[in-house]
J.: 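Sharing a structure below in structure tokens format, with a few things to ask.
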Amino acid sequence: MPTMPQDDVLTVIHEVAHLMRIRFDQRARAYGMTRAQWVILLKLRRGPAPTQNELASMIEVEPITVARLVDRLEARGFVERRHDPNDRRAWRLHLLPAAGPIIDDIAVVRAEVLAQLLGDTVDEKEVAAVDATLRKMKSNLQSADGRTSASAS
């Protein structure tokens with residue numbers, strides 16, 4: 001296999017993702033929250049109400065980490081745990097109306113970060129091509145791992 005240049009596509013993808021995480025961490029801190037808490041709110045917005053274990057799998061962290069993050073979101077009145085009607089040992093996570101404004105703010109921040117990412121130099125065709133290419137790459141990696149897009153989304 002040929003030697004890859006220092007700024008190969010893997011390095012650039014990693015660096016762009018890192019810079020985006022930094023931006024979102026900064027913005028979340030301004031709300032007294034973490035990026036992980038924002039991710040949980042966005043996942044819960046998509047519904048249906050997951051269990052803590054399902055959510056942990058979705059965001060690729062340990063269940064105890066989700067439990068702590070949800071504790072903080074619950075204390076702020078954004079999330080509520082409700083008993084699963086089919087499994088009395090499980091709790092389903094539900095968004096509360098108080099989460100609406102912060103979710104709206106997250107949408108604004110996402111749009112601002114996207115605008116920074118694209119600047120004045122990336123046009124819609126380029127965005128569509130990058131999106132399509134990244135989705136293919138994601139699918140290739142999931143297929144290689146035996147994962148499906150539904151379980152890895």
Side-chain angles (χ1 to χ4, degrees), residues 9-120 122 124 127-128 130-153:
V9 67
L10 295 174
T11 302
V12 174
I13 290 171
H14 171 78
E15 290 172 346
V16 169
H18 178 73
L19 291 168
M20 288 174 36
R21 285 190 304 272
I22 289 170
R23 295 288 189 288
F24 282 111
D25 285 337
Q26 292 167 339
R27 299 301 295 273
R29 274 195 303 275
Y31 287 86
M33 299 178 75
T34 66
R35 178 173 34 95
Q37 289 172 316
W38 279 16
V39 169
I40 287 173
L41 293 176
L42 294 177
K43 292 288 184 185
L44 293 179
R45 180 191 61 177
R46 294 179 185 167
T51 65
Q52 287 183 178
N53 285 338
E54 291 167 346
L55 183 61
S57 178
M58 280 186 245
I59 64 173
E60 299 176 344
V61 298
E62 294 297 320
I64 189 66
T65 302
V66 166
R68 290 178 183 137
L69 292 165
V70 170
D71 286 345
R72 291 183 196 116
L73 291 170
E74 195 172 38
R76 291 184 72 164
F78 295 151
V79 173
E80 177 178 71
R81 291 174 170 103
R82 297 181 196 158
H83 283 287
D84 184 320
N86 301 316
D87 182 353
R88 64 188 181 120
R89 298 167 298 162
W91 294 88
R92 296 272 168 195
L93 302 173
H94 297 266
L95 278 178
L96 294 175
I102 191 70
I103 290 172
D104 292 344
D105 288 349
I106 293 168
V108 170
V109 170
R110 287 172 49 97
E112 291 170 358
V113 171
L114 181 62
Q116 289 174 351
L117 180 70
L118 301 178
D120 295 332
V122 182
E124 289 183 34
V127 172
V130 168
D131 181 66
T133 301
L134 288 173
R135 288 177 189 277
K136 287 178 190 176
M137 290 175 174
K138 178 181 175 183
S139 177
N140 291 343
L141 288 173
Q142 289 169 338
S143 296
D145 286 346
R147 294 168 60 177
T148 64
S149 60
S151 67
S153 317

J.: Once side-chain hydrogen bond (donor to acceptor under 3.5 Å, both in side chains) is applied, do any residues pair with Arg35, and if so which ones, sequence neighbours excluded?
T.: Asp25
J.: Please, which pairs that meet ring pair (Phe, Tyr, Trp, His ring centres under 6.0 Å) have at least one residue in residues 46-82, sequence neighbours excluded?
T.: none
J.: By ring-ring contact (aromatic ring centres under 6.0 Å, His included), which residues pair with His83, not counting sequence neighbours?
T.: Trp91
J.: Going by the rule salt bridge (Lys or Arg N to Asp or Glu O under 4.0 Å), which residues pair with Asp131 if we only count those two or more places apart in sequence or in a different chain?
T.: Arg135
J.: Any sub-3.5 Å donor-acceptor pair from Glu60's side-chain atoms to Ser57's backbone N or O?
T.: no
J.: Applying salt bridge (Lys or Arg N to Asp or Glu O under 4.0 Å), name anything that partners Arg82, two or more places apart in sequence or on another chain.
T.: Glu80
J.: Filter on salt bridge (charged side-chain N to carboxylate O under 4.0 Å, His left out), then keep only pairs touching residues 91-109, sequence neighbours left out; what's left?
T.: Glu54-Arg92, Asp84-Arg92
J.: Which pairs count as ring pair (Phe, Tyr, Trp, His ring centres under 6.0 Å) when at least one residue sits in residues 38-62, sequence neighbours excluded?
T.: Tyr31-Trp38
J.: So, for Thr51 and Ala90, which heavy atoms are closest and what is the spacing to 0.1 Å?
T.: CG2-CB, 4.1 Å
J.: If the condition is side chain to side chain contact (heavy atoms under 4.5 Å, CB included), which residues does Glu62 pass it with, not counting sequence neighbours?
T.: Ile64, Thr65
J.: Output every pair passing ring pair (Phe, Tyr, Trp, His ring centres under 6.0 Å) with a member in residues 41-74, not counting sequence neighbours, ordered by first then second residue.
T.: none
J.: For Thr133, enumerate each residue passing the side chain to side chain contact (heavy atoms under 4.5 Å, CB included) test, keeping only those at least two apart in sequence or located in another chain.
T.: Met137
J.: Once salt bridge (Lys or Arg N to Asp or Glu O under 4.0 Å) is applied, do any residues pair with Arg88, and if so which ones, sequence neighbours excluded?
T.: none
J.: Could you give me the CA-CA distance, side-chain angles and deciding distance for Arg21 and His18, then say whether side-chain contact (heavy atoms from CB on, under 4.5 Å) is met?
T.: CA-CA 5 Å; Arg21 285 190 304 272; His18 178 73; 3.6 Å; yes
J.: Looking at Leu41 and Ile106, what are the two nearest heavy atoms and their distance?
T.: CD1-CD1, 4.3 Å
J.: Is there a side-chain contact (heavy atoms from CB on, under 4.5 Å) between Leu93 and Glu74? Walk through the geometry before answering.
T.: CA-CA 10 Å; Leu93 302 173; Glu74 195 172 38; over 6 Å; no
J.: In sequence, state the C-alpha distance, the side-chain angles, and the governing distance for Ile13 and Leu134, and then conclude on side-chain contact (heavy atoms from CB on, under 4.5 Å).
T.: CA-CA 10 Å; Ile13 290 171; Leu134 288 173; 4.1 Å; yes
J.: Who passes salt bridge (Lys or Arg N to Asp or Glu O under 4.0 Å) against Arg27, sequence neighbours left out?
T.: Glu112
J.: Taking all heavy atoms of Met58 and all of Pro50, pick out the closest pair and write down the distance.
T.: CE-CB, 3.4 Å
